[in-house]
Amino acid sequence: MSSAPHQPDPRDQPPERSFEDVLYARVNRRRERAVKQIQRNRQGGHRIPTWVLATILGLLLLGWLYLIFFG
């Protein structure tokens with residue numbers, strides 16, 4: 001009977017990345033995305049000024065309340 005060369009069992013080898021490494025990388029990616037989004041928002045370049053959006057929202061709420069109480 002010929003013996004096959006010894007092949008290591010994949011279960012004996014340590015994992016390439018630990019759970020903590022994967023979790024740490026995920027947290028870092030989320031943090032980087034948040035920082036980039038905050039930087040984009042601070043740069044401005046908005047197409048519609050914030051005060052216009054706030055005014056539209058206020059008018060919609062007033063119209064909704066008008067319909068509820070007087071409609």
Side-chain angles (χ1 to χ4, degrees):
M1 183 181 240
S2 65
S3 63
H6 176 69
Q7 296 182 3
D9 188 5
R11 293 174 290 183
D12 293 338
Q13 297 176 356
E16 292 180 12
R17 297 186 303 173
S18 67
F19 176 74
E20 289 82 15
D21 292 338
V22 173
L23 189 61
Y24 183 73
R26 182 179 297 166
V27 168
N28 277 339
R29 285 192 306 269
R30 291 188 70 168
R31 182 179 298 125
E32 288 174 14
R33 280 197 308 259
V35 167
K36 288 179 184 178
Q37 182 179 8
I38 291 170
Q39 288 173 346
R40 277 194 314 266
N41 291 342
R42 286 183 178 170
Q43 287 176 355
H46 306 294
R47 295 173 191 251
I48 301 175
T50 306
W51 65 268
V52 173
L53 295 174
T55 303
I56 292 171
L57 177 62
L59 290 173
L60 286 172
L61 290 175
L62 286 174
W64 182 68
L65 288 173
Y66 178 80
L67 288 175
I68 289 174
F69 289 113
F70 302 109

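Excluded from the calculations below are hydrogen atoms, water molecules and symmetry mates; all remaining heavy atoms, backbone and side chain alike, are included. Numbers for residues simply follow the sequence, beginning at 1.
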### Query
How many angstroms lie between atom CG of Leu57 and atom CG of Leu62, to the nearest 0.5 angstrom?
9.5 Å
### Task
Examine Val52 and Leu60 and state if one hydrophobic cluster contains both, with Ile, Leu, Val, Met, Phe, Trp and Tyr joined whenever side-chain heavy atoms are less than 4.5 Å apart.
yes
### Query
With sequence neighbours left out, which residue pairs that include part of residues 24-36 fulfil the side-chain hydrogen bond (donor to acceptor under 3.5 Å, both in side chains) condition?
Asn28-Arg31
### Residues, nucleotides or ligands: over 12 heavy atoms within 6.0 Å of Ile48 CD1
no
### Message
Please list all pairs meeting ring pair (Phe, Tyr, Trp, His ring centres under 6.0 Å) that have one or both residues in residues 48-69, counting only residues at least two apart or in different chains.
### Response
Tyr66-Phe70
### Query
Quick one: hydrophobic cluster around Val27, which other residues, with the 4.5 Å side-chain cut-off, linked directly or via members?
none
